[in-house]
Amino acid sequence: MNDIEYRQQVLDKLGPSFCGAKWYNATIWLGSGMTTSCHHPPAHRIPVENITRNPKLLHNTDQKKQDRADMQAGRRPSGCEYCWKIEDMGRDAISDRVYKTRIYEQADLEYALKLDPNHNVDLKTLEIAFDRTCQFACSYCNPAFSTTWVRDIKNNGPYTGLISDGRNHFTHPHDLNQLYRFDETNPYVEAFFDWWESDLHRTLQELRITGGEPLMSGHTWRLIDWFKTNQGRSTTRLAINSNLGFDSSKMQDFIDRIQDLPHVELYTSCEALYAQAEYIRDGLNFEQWYNNVVMLLKSNAIKTVHVMCTINALCLDTLPLFLNQLVELRHEYGKKAVVFTLNILRFPSFQSALVLPREVRQYHVMALRYWYSQNMHNRLVHQHELNHVNRLIDYLDVVETPHSQAFELEKLQKDFKNFYTQYDQRRGKDFAKTFWRLRNWYNSL
Ligand code: SF4
């Protein structure tokens, strides 16, 4: 059954706004004590007094229970706007609600539909971040998720003059995102390990560790060691989101530590080539990243490298060539060795692809259509990848604003110029040289 058939024949029958992620999936930031169902709804706080009583309340917050009740009644929770916006485009658009529901068994979905929304559900898929330690400071990230970003703000002061940065991502060090010092006990981390020992190691199908950079957190190694010393006790797939910004000896160390573990997968981010990729993801050495991907593929320590492309205004120029490079790897390592997803950036909205002038967007629509036509019968390209490319084409062609609260285009473009001017000064970069196709437009802003 393809994605459209799934949406029509299964998901819509469960309800017009039902999404399995609300019950069975969570992202939990243990450093800040925040959670959400998937990446799209805004994160909300987990009361610390609850989790010491019952670690399952790391996931089962009042907010999620209310959202579940709404979905059971066919109402759309406002936090899930990302999906509603895509679905309202028509054209058989496939939102993440489809992808994030179809991974679960039909019986589990029907069970959730009828369940008391206040029931404390056991998770099936979970993404956690232990802390925000990270050696990168990507342009679309902020100090909430990266200690290198924190340093930028602490050393150089806030980014100034941004009108559309309503949530003040770039103006302060987000100290609330690291509630506990590294030499203190973090009750959220302790609750996670308690829940892991009591239930999660049995109920979870996938545990994904994100960050910060997870390979820089001691808790990640604690978990890897748990899997090593408890082999056979858990069938949970361990997925690690890493920026792969390490030299080859650190990579080898990682490969050696996971070599005997049967269920480890690696997720990494990139969406452009060479200098443009390094501009977007400050700290990245593209060649090192690529060599580390190849090193992982050669090692057989993991089944698949998942490349998550964050689609922003600056990646579109080299995105088709970057995708070609990933497909090329499959000739040597097999179709499943590397897979990609295209995830559309909405925040910060001034970095959305929708800030680009209409004619530039249309140019990229044409380039992506060409890529699609060249790959639609390529046996090495997955159907879900073609769907993602198609979705991006529609998004660039049809959607006008990144999200409902976004400022008008002129203000977003001003912020775009303002932000990258300061980013260049702080990081020693050169926008006009790196994105020469956009130079005239950029200079005119
Ligand atoms: S944003 Fe979409 S995928 Fe995420 S929980 Fe809401 S409906 Fe599900």
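When a ligand or atom number is given, it counts from 1 through the structure's own listing order. Quick note: numbers below take in every heavy atom, side chains included, and nothing from hydrogens, waters or symmetry partners. Nothing fancy with the numbering, it's 1 onward along the sequence.
With no hydrogens or angles considered, a side-chain donor-acceptor pair links Asn343 and Thr341 at under 3.5 Å. Residues Asp3 and Gln383 have side chains that never bring a donor and an acceptor to within less than 3.5 angstrom of each other. If you check the side chains of Ser37 and Lys100, you find no donor sitting under 3.5 Å from an acceptor.
Of all protein N/O/S atoms, those under 2.8 Å from atom 8 (Fe) of ligand 1 are Cys19 SG, and waters are not counted.
For the pair Arg208 and Tyr267, the cation-pi criterion (under 6.0 Å, within 45° of the ring axis) is fulfilled.
Taking the six-membered ring wherever Trp is involved, the centroid distance between the rings of Tyr188 and Phe192 does not fall below 6.0 Å.
Ion pairing of Asp175 with Arg132 is present here, as a side-chain N (NZ or NE/NH1/NH2) and a carboxylate O approach within less than 4.0 Å.
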